[in-house]
S.K.: 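One structure, as structure tokens, below. Some questions next.
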2 protein chains.
Amino acid sequence: MSRTETRERLFTAAIELIAERGFAAASVDEIAGRAGCAKGTVYYNFGSKNALFTALLEYGVERFGAALRGAAEGLAPLDALSAVVRAELVFIGEHESFARLLIAETWRAGGDWPQAARLIRERTIDVVGDVLRSAVAAGDLRADLDVGTAASAVFGMVLLVALDWRTLQPDRPMDEVHATLMDLLRGRITT
Amino acid sequence: MSRTETRERLFTAAIELIAERGFAAASVDEIAGRAGCAKGTVYYNFGSKNALFTALLEYGVERFGAALRGAAEGLAPLDALSAVVRAELVFIGEHESFARLLIAETWRAGGDWPQAARLIRERTIDVVGDVLRSAVAAGDLRADLDVGTAASAVFGMVLLVALDWRTLQPDRPMDEVHATLMDLLRGRITT
DNA sequence: ACTTTTGAACTGACCGGTCAGTACAAAACG
DNA sequence: CGTTTTGTACTGACCGGTCAGTTCAAAAGT
């Protein structure tokens, strides 16, 4: 078994368990068990439970951010926005547990690690912010738009809607959800 | 010390600690300590840590829902939407810890209590849904609007934006945040 | 040979829950 | 009126169990 493969198995196991029970309640024994390896392997590979969690967050956010950035690439600003929203839906559909973990563990109040988690989340939100900024620069969106708040609004809206979608109506086609979200964003709600 | 007073002190202490560390990591000893009473008192009043948490969720969601419902009362549909969004911002501003707890502990995957938590959260979202439904009935919003998804989107958007607001720019006037959100919802983003 | 993994045993801290007992005020009693 | 009882709210030491983290010798993989 290669080291990276073991690491990935541990990642997915930890993501699932932490999404289900939260970081504190997910025991290392159980994570190792679900990943099909021994407890010692966790400590050989990561050194500590916290380090495993941090590595996992970075790994996941890296992929998440890359997926969003990749979706926007080479598109006109407004198309890019639509593509980023879709990419966020797709990513969450495929990595539901990670999304739950992200939402559950990164909006804590005070403490020690939240800085890391918060920065990571911001980095994800910033991709949306960049897309909005381009749209403003291209004259597609109002010049006085508060890009920071809007980015956070779009990202958060899609995140929570996606989780409700997976939880309550998983059979619903993604395009419908995407269409509703884009209608909302483009002001096509009012008559 | 009256029973209800003790209960409320335990509520606020538990809300703060769970928002900071999560349910599993918030120890009953510490909750009791911060509330200024003994551990036994928690068990005398609630019977278990889980029961304390459930009671606390119901207590908080009751107030949250009432605040939203009260804000919408007697207003024309579109004004009601604006008022509900503002009420959500106000409530989160005043009960930031509870909002963090709500977001962190109610989007878990499987398990035992999530039903309770999820239903409770839905009950809050449903207030937004009702407002949207009235607006559709009044002809202010498109008849084919997917009210469920839109309600979840509005609620989630405001929730995450409010938390970012409290965390990153607490000095910013609430009206600005509110205005940006309403611009987003009314399609005043595009040029 | 060298890296990686195993799995079991152990430690020490911490945590949820229990329970016998305290404090005390309002009733019931004589 | 004094005293006894009762019920409520609370206390905090204590118990059984769990868990992160350590250690290590042996096996497996490359």
Side-chain angles (χ1 to χ4, degrees), chain A residues 1-59 101 104-105 108-114 116-117, chain B residues 1-57 59 101 104-105 108 110-114 116-117:
Chain A
M1 194 94 65
S2 76
R3 204 150 186 219
T4 61
E5 195 183 330
T6 303
R7 275 193 160 107
E8 268 170 21
R9 292 166 63 100
L10 281 169
F11 278 158
T12 63
I15 287 171
E16 285 173 17
L17 275 166
I18 296 176
E20 279 171 26
R21 307 175 199 184
F23 174 79
S27 80
V28 174
D29 277 299
E30 215 168 353
I31 291 170
R34 188 175 292 202
C37 66
K39 188 181 185 178
T41 309
V42 175
Y43 287 90
Y44 176 75
N45 277 281
F46 296 101
S48 77
K49 189 188 182 186
N50 276 294
L52 163 63
F53 182 68
T54 306
L56 167 168
L57 261 187
E58 269 163 23
Y59 174 83
L101 175 158
E105 305 289 340
R108 297 225 176 291
D112 331 332
W113 72 21
Chain B
M1 194 93 66
S2 75
R3 201 150 188 220
T4 61
E5 195 183 330
T6 303
R7 276 194 159 106
E8 267 169 22
R9 293 166 63 98
L10 281 170
F11 277 158
T12 62
I15 287 171
E16 286 175 13
L17 276 166
I18 296 176
E20 278 171 26
R21 307 176 197 184
F23 174 79
S27 79
V28 175
D29 275 300
E30 215 169 353
I31 292 170
R34 188 176 290 202
C37 66
K39 189 185 198 173
T41 308
V42 174
Y43 288 88
Y44 176 75
N45 277 281
F46 296 101
S48 77
K49 191 188 180 186
N50 276 293
L52 163 62
F53 182 68
T54 306
L56 168 168
L57 262 188
Y59 175 82
L101 173 158
E105 305 292 338
R108 296 226 177 290
D112 331 333
W113 72 22

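On a predicted model such as this, the values are computed, not experimentally measured, just so you know. Residue numbering restarts at 1 for every chain, and letters A, B, ... go by the order of the sequence lines.
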S.K.: Starting at atom CZ of A:R7, determine the distance to atom P of C:dT3, rounded to an integer number of angstrom.
M.R.: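 Taking CZ of A:R7 and P of C:dT3, I get 15 Å after rounding.
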
S.K.: Check whether any side-chain nitrogen or oxygen of B:N45 sits under 4.0 Å from OP1 or OP2 of D:dC10, and answer yes or no.
M.R.: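 Answer is yes, contact under 4.0 Å.
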
S.K.: When you get a sec, tell me which of C:dT4, D:dC10, D:dT11 is the closest nucleotide to the side chain of A:Y44?
M.R.: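 Ranking C:dT4, D:dC10, D:dT11 by closest atom to the A:Y44 side chain puts C:dT4 first.
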
S.K.: Excluding sequence neighbours, so at least two apart, what forms side-chain contact (heavy atoms from CB on, under 4.5 Å) with A:Y59?
M.R.: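 Counting only residues at least two positions away or on another chain, A:Y59 forms a side-chain contact (heavy atoms from CB on, under 4.5 Å) with A:E8, A:F11, A:R63.
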
S.K.: In whole angstroms, how far is the C1' atom of D:dG7 from the CZ atom of B:R3?
M.R.: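 Result: 12 Å.
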
S.K.: Among all residues two or more places apart in sequence or in another chain, which pass the ring-ring contact (aromatic ring centres under 6.0 Å, His included) test with A:Y43?
M.R.: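 For A:Y43, no residue satisfies ring-ring contact (aromatic ring centres under 6.0 Å, His included) once neighbours in sequence are set aside.
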
S.K.: Hey, could you give me each pair passing salt bridge (Lys or Arg N to Asp or Glu O under 4.0 Å) that has a residue in residues 48-57 of chain A? Not counting sequence neighbours.
M.R.: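 Residue pairs with at least one partner in residues 48-57 of chain A: there are none.
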
S.K.: Would you mind reading off the distance between A:F53 atom CZ and D:dA20 atom C1', rounded to a whole angstrom?
M.R.: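 From A:F53 CZ to D:dA20 C1': 16 Å.
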
S.K.: Measure from CG on B:L10 to C1' on D:dA9 and round the result to the nearest Å.
M.R.: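 Spelled out: CG on B:L10 to C1' on D:dA9 is 12 Å.
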
S.K.: How close or far is atom P of D:dA20 from atom CD1 of A:I31, stated in whole angstroms?
M.R.: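 Spelled out: CD1 on A:I31 to P on D:dA20 is 8 Å.
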
S.K.: Taking OP1 and OP2 of D:dA9, is either one under 4.0 Å from a side-chain nitrogen or oxygen of B:T41?
M.R.: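 B:T41 to D:dA9 OP1/OP2: no side-chain N or O under 4.0 Å.
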
S.K.: Counting only pairs under 3.5 Å, give me each side-chain donor-acceptor contact of residues 24-38 of chain B, with atom names and distances, residues two or more places apart or in other chains.
M.R.:
{"residue": "B:S27", "atom": "OG", "partner": "B:E30", "partner atom": "N", "Å": "3.1"}
{"residue": "B:D29", "atom": "OD2", "partner": "B:K39", "partner atom": "NZ", "Å": "3.2"}
{"residue": "B:E30", "atom": "OE1", "partner": "B:R21", "partner atom": "NH1", "Å": "2.8"}
{"residue": "B:E30", "atom": "OE2", "partner": "B:R21", "partner atom": "NH1", "Å": "2.7"}
{"residue": "B:E30", "atom": "OE2", "partner": "B:R21", "partner atom": "NH2", "Å": "3.2"}
{"residue": "B:R34", "atom": "NH1", "partner": "B:E16", "partner atom": "OE1", "Å": "2.8"}

S.K.: Who passes side-chain contact (heavy atoms from CB on, under 4.5 Å) against A:S48, sequence neighbours left out?
M.R.: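 Once residues adjacent in sequence are excluded, the partners of A:S48 under the side-chain contact (heavy atoms from CB on, under 4.5 Å) criterion are A:N50, A:A51.
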
S.K.: For every nucleotide of nucleotides 16-25 of chain C, 5' to 3': is a protein heavy atom under 4.0 Å from its base (B), only from its sugar-phosphate (S), or from neither (-)?
M.R.: BBB-------

S.K.: Do we get B:R108 above B:F23's six-membered ring, with its NZ or CZ under 6.0 Å from the centre and within 45° of the axis?
M.R.: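 Negative - B:R108 is either too far from the ring of B:F23 or too far off its axis.
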
